[in-house]
Amino acid sequence: MRGEARYGLEHELALLRDDGTVADHRSLTHAQVAAVVDELPELPGDQTDLRIGDAGIRRKRWYAEGYERLDENGGLLRFDPKGIEIRTRVHDSVEAAADALAADALTLAAVAARHGLRPVAFAHHPQLSAYRLDPPPNAHERALMAASPEERTSHLHMVTWGPDLNLSFPESGTDPAVLADAAAKLTFYSPYLVPWSFSSPFRDGRVWGGLSARTARRTGARPAALAYLPPDAPLLVTDPSLVRHAGIPGEVGRIEFKAFDAVPAVAGEEPADGVGTDLPAALLSLLTGLLRDDTLPGRRRTPDATAHRRSALRGWADPAVRAGSQAVLDAATAALAGDDAHGARLASLARRLARRETPRTGCWPATARAAASRGWGTRRRTAQAEPVPPGRPGPGDARRGPGRAQR
């Protein structure tokens with residue numbers, strides 16, 4: 001990709017109650033989340049960059065994220081929430097996008113606190129591994145689930161959280177082949193990108209034995225990256241998807257990386273001490289450099305699930321993963337040489353890599369104490385344990401209302 005990039009961030013957040021328990025679809029109602037969103041401003045001009053969606057839930061930068069249950073005719077029956085997402089408009093610099101996200105995150109935190117809720121960035125539900133549809137999906141819902149690879153694995157969405165980092169390069173145009181190639185490059189190098197974000201050591205009420213339960217279970221079955229093409233462009237048929245048609249004109253040319261674990265944007269979102277809030281901006285710089293680079297040859301149309309599970313289990317303790325991350329960082333640094341702002345952010349990633357420090361490893365003791373105090377369980381498996389393989393969705397597993405994706 002060539003030229004200057006433009007940036008947008010989508011920031012998924014779980015919600016904790018004042019006592020530290022997770023407010024999820026089992027105890028949280030749509031009305032409770034809607035009460036928070038209703039207090040947040042609807043700002044003019046946002047809809048130029050942000051898609052509203054069929055149900056009109058996404059009218060603001062903040063919206064309730066979850067799963068819509070539909071009746072046999074496609075009508076809305078209910079909405080099961082999993083948290084709140086923040087979306088920024090498109091910005092001309094990493095700094096502007098990160099600052100906009102931070103401002104909106106602080107606004108959300110202040111409003112949510114009045115409702116007894118705290119937005120927090122962790123990547124996998126500490127107590128659950130599946131969202132079960134009750135009642136089971138009807139014929140209309142089953143047909144919609146079968147219509148796309150993403151809906152078939154949609155059960156994972158309701159128990160995982162992570163950002164979408166969006167970039168576009170206006171000078172590179174909107175050639176579908178160029179955009180698909182960019183997404184294929186990010187997909188190939190995804191196992192070496194994601195360790196900088198690893199922040200999900202818990203699942204099913206215990207420590208699962210690795211660094212990222214989200215990556216181990218999700219990436220491979222779900223896309224690592226997507227490119228958004230003009231509405232009349234032919235689509236590559238892959239499972240999971242690599243490209244899709246843009247929903248609004250402002251999405252054409254967007255390249256979206258989807259595989260990072262949730263990382264905090266502001267103080268207060270950290271699941272434990274020591275995580276920091278610099279990663280959203282630093283990871284945008286890393287993706288910018290990787291896409292500007294013209295030396296790394298790797299391309300994949302679908303994620304390598306085995307490589308992602310290996311990375312999720314051992315991270316930078318694995319020499320091959322560490323070498324892959326170093327290669328990606330070196331290429332990005334060379335591609336952005338002379339840009340001091342990008343360079344400073346990439347240097348911060350280099351320090352993390354040198355220390356083999358991910359959000360999970362850096363905050364493990366505090367996270368373990370918090371987990372124990374909240375009854376999540378802290379029975380630790382050995383570091384050599386095999387990761388839990390991605391489960392096949394059962395007849396009652398789903399992500400969100402089929403055909404009415406909220407994200």
**Request:** Would you please classify the geometry between the F122 ring and the W161 ring as parallel, tilted or perpendicular, with 30° and 60° separating the classes?
**Result:** perpendicular
**Request:** Would you please classify the geometry between the Y67 ring and the Y131 ring as parallel, tilted or perpendicular, with 30° and 60° separating the classes?
**Result:** tilted
**Message:** Once rounded to the nearest 0.5 Å, what's the spacing between atom OH of Y192 and atom CG of L290?
**Reply:** 12.5 Å
**Item:** Y228 six-ring face occupied by R254 cation (under 6.0 Å, within 45°)
**Value:** yes
**Request:** Go through the steps to decide whether K82 and E12 satisfy the test salt bridge (charged side-chain N to carboxylate O under 4.0 Å, His left out), and finish with yes or no.
**Result:** CA-CA 10 Å; K82 79 161 193 176; E12 287 188 319; 3.2 Å; yes
Under 3.5 Å, is there a donor-acceptor pair between the [X] and [Y] side chains?
X: D204; Y: Q127; answer: no
X: H342; Y: S285; answer: yes
X: R203; Y: S129; answer: yes
X: E269; Y: H11; answer: yes

**Request:** State whether the number of non-hydrogen atoms from other residues, nucleotides or ligands found under 6.0 Å of E4 atom CD is greater than 12.
**Result:** no
**Asked** In terms of heavy-atom contacts, does CZ of R301 have more than 12 from other residues, nucleotides or ligands at under 6.0 Å?
**Response** no
**Item:** Side chains of L9 and R87 in contact at under 4.5 Å (non-hydrogen atoms)
**Value:** no
